[in-house]
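All remarks here apply to the structure that follows.
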Amino acid sequence: MRKQRDYRLLFSARVVSDTGTEVSRLAVPMTAAALLGASAAQMGLLTAAASLPYLLIGLQAGAVADRLRRRRPVMIACEVAAATAVGTIPLAWIAGLLTVPWLIAVEFVVSACAMLFRTLSFPHITAVVHESQRTEALAGLQSAYALSSVGGPGLAGLLVQTVTAPLAMAVDALSFLVSAFLLRAIDAPEDHTPAPARGMWAEVREGLSTVLGHPTLRAVSGAAITVNFFAAVYMALFILYALGTLGLPGGLVGALTALFGAGGLIGAVLTPRLVRRFGEDRILVHAALAFPLNYLAVALAAGPLWAEFLLLAGSTLVTGVAIVTFATCFGAIVLREAPENLRGRVSATTSFAMQGVMTLGGLAGGLLGELLGLRPVFWICAAGMIVIPPLLLSPLRRTAGPAAP
């Protein structure tokens with residue numbers, strides 16, 4: 001894949017954009033919690049805002065994706081619009097106008113751009129790489145996220161300490177613009193034949209019925225929905241918990257994010273090799289076994305600072321491997337099972353469910369944090385992260401068992 005110019009450009013665009021996003025992932029909640037005094041409920045709303053566009057317009061985006069002959073220009077426009085929205089945060093901070101509602105609004109706009117971008121980029125990858133290289137290509141894009149997760153938190157920590165969290169957001173705005181420039185340089189022709197327009201809701205229903213009526217797509221989507229719901233509950237509260245309850249300094253919180261990225265990078269390297277030997281179905285099911293680990297570690301963390309950090313570091317590294325492995329196999333299975341003329345709508349339907357449920361998870365996390373306290377919520381996350389049964393009750397049970405001798 002490294003020898004293919006267009007894929008290198010696509011990969012580089014994702015590394016740059018995701019690195020900026022990792023800066024925001026630390027800078028935005030730290031701005032809300034440490035500088036603007038956000039409550040647990042407000043942190044829940046901030047998390048929910050990042051996934052709300054998937055609920056509002058996610059399904060329609062899939063119909064649009066299948067209607068377009070050329071998807072790349074719209075992807076570029078999404079990056080430019082996201083850069084503009086993020087750029088308002090440092091300007092508002094300098095002007096003394098920044099508030100938690102402002103951050104929530106920016107999160108919503110950036111998420112809407114990301115939602116449309118991802119809906120288009122999933123089928124767009126078929127224009128850049130050959131069918132035989134899709135698993136490797138998807139693993140490469142997952143490694144782009146992992147690379148940014150390794151370097152982004154360190155950069156975020158440095159920027160937060162030197163120029164404050166709101167001003168660090170300028171890096172994210174710049175990264176979106178660089179990504180747009182790299183995408184514009186891709187030469188691969190887009191010869192997608194647009195799906196005929198038959199009415200927005202008729203097309204949306206076709207995407208929904210395809211996912212719900214296909215046993216494998218239904219099973220892997222159900223597992224991913226479960227994962228994302230409890231991940232959103234966790235994300236809504238972890239910064240407050242790490243800084244307040246555990247007393248971790250911001251630098252160590254950033255280090256945990258970097259370790260998650262390191263695990264993801266390991267997963268991205270290993271997954272294509274494992275898939276070639278065992279197949280996507282088996283690897284996806286076994287990756288899901290590790291999902292409760294990080295929630296258990298967070299709930300159990302106690303004692304001296306070094307002991308807390310080592311426990312969380314180990315669980316975060318393993319979880320990073322599992323998440324990227326699961327996500328890569330999930331994408332390969334969806335591309336394999338979805339009809340070619342419905343890939344945009346199938347992608348949008350799965351994103352609608354997987355990302356949209358994070359809105360509910362963020363709200364639930366904030367509410368449960370207020371009612372029960374922070375640590376009990378992580379026990380609930382660990383108990384809820386049981387995604388194996390729906391997978392093994394699907395057609396995957398025939399292909400996810402032990403490898404033949």
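All residue numbers in this chain count up from 1 along the given sequence.
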Query - Rounded distance [0.5 Å steps], CZ in Phe326 versus CZ in Phe330 - result: 7.0 Å
Query raised in the report: Under 4.5 Å between any side-chain heavy atoms of Phe378 and Leu296, yes or no?
Result: no
Query raised in the report: Are Thr31 and Leu98 close enough that some pair of their side-chain heavy atoms sits under 4.5 Å apart?
Result: yes
Query raised in the report: Phe238 vs Tyr241 aromatic rings, parallel, tilted or perpendicular, using cut-offs 30° and 60°?
Result: tilted
**Report entry** Worked check of ring pair (Phe, Tyr, Trp, His ring centres under 6.0 Å) between Phe230 and Phe291
**Finding:** CA-CA 10 Å; Phe230 289 104; Phe291 287 158; over 10 Å; no
Report task. Dump the intermediate steps for side chain to side chain contact (heavy atoms under 4.5 Å, CB included) on Leu10 and Arg72, then the final yes or no. Result -> CA-CA 11 Å; Leu10 180 62; Arg72 199 176 305 129; over 6 Å; no
Requested in this report: Considering non-hydrogen atoms only, spot the tightest contact between Thr226 and Gly384 and give its length.
Outcome: CG2-O, 3.5 Å
Query raised in the report: Side chains of Met235 and Pro29: does their closest heavy-atom pair fall under 4.5 Å?
Result: no
Requested in this report: Give the minimum heavy-atom separation between Ala364 and Val233, together with the two atoms involved.
Outcome: CB-CG2, 4.4 Å
Query raised in the report: Stepwise, does the side chain to side chain contact (heavy atoms under 4.5 Å, CB included) test hold for Leu183 with Ile186?
Result: CA-CA 6 Å; Leu183 290 171; Ile186 294 175; 4.0 Å; yes
Report task. Please assess Val275 against Cys329 for the test side chain to side chain contact (heavy atoms under 4.5 Å, CB included), listing each intermediate value before the final yes or no. Result -> CA-CA 8 Å; Val275 165; Cys329 294; 3.9 Å; yes
Report task. Identify the heavy atoms of Ala49 and Ser111 that sit nearest to each other, and give their distance. Result -> O-CB, 4.1 Å
Query raised in the report: Would you say Ile94 and Leu167 make side-chain contact, with heavy atoms under 4.5 Å?
Result: yes
Query - Test item: Glu370 side-chain N/O and Leu367 main-chain N/O as donor-acceptor pair under 3.5 Å - result: no
**Report entry** Member of Leu293, Leu312, Val377 meeting the side-chain contact (heavy atoms from CB on, under 4.5 Å) criterion with Val298
**Finding:** Leu312
**Report entry** Closest heavy-atom pair and its distance - Ser221, Val211
**Finding:** OG-CG1, 3.9 Å
Query raised in the report: In Å and rounded to the nearest 0.5 Å, what is the CD1 to OG1 distance from Ile333 to Thr350?
Result: 12.0 Å
Query raised in the report: For the residue pair Met43 and Ala32, what are the closest heavy atoms and their distance?
Result: SD-CB, 3.9 Å
Query raised in the report: When rounded to the nearest 0.5 angstrom, what distance separates CG in Leu36 from CD in Gln42?
Result: 9.0 Å
Report task. Taking Arg375 for its side chain and Ala301 for its backbone only, find out whether a donor-acceptor pair lies under 3.5 Å. Result -> yes
Query - Criterion side chain to side chain contact (heavy atoms under 4.5 Å, CB included) on Leu248 and Leu256, from CA distance to verdict - result: CA-CA 10 Å; Leu248 296 179; Leu256 289 174; 4.1 Å; yes
Report task. Check whether any side-chain heavy atom of Asn294 sits under 4.5 Å from a side-chain heavy atom of Phe260, and report yes or no. Result -> no
Query raised in the report: Between the side chains of Thr325 and Thr271, does any donor sit under 3.5 Å from an acceptor?
Result: yes
Report task. Identify the two heavy atoms, one from Val28 and one from Leu103, that lie closest to each other, and give their separation to 0.1 Å. Result -> O-CD1, 4.1 Å
**Report entry** Reported CG-to-CG distance for the pair Leu182 and Leu177, which is rounded to 0.5 angstrom
**Finding:** 11.0 Å
All N/O donor-acceptor pairs, side-chain side in residues 73-92, below 3.5 Å, sequence neighbours left out:
| from | atom 1 | to | atom 2 | distance (Å) |
| --- | --- | --- | --- | --- |
| Glu79 | OE2 | Ser17 | OG | 3.4 |
| Glu79 | OE2 | Ser179 | OG | 2.6 |
| Thr84 | OG1 | Val80 | O | 3.1 |
| Thr88 | OG1 | Ala85 | O | 2.7 |
| Thr88 | OG1 | Trp102 | NE1 | 3.3 |

Query raised in the report: Quick one: are Leu372 and Ile380 in side-chain contact, heavy atoms under 4.5 Å?
Result: yes
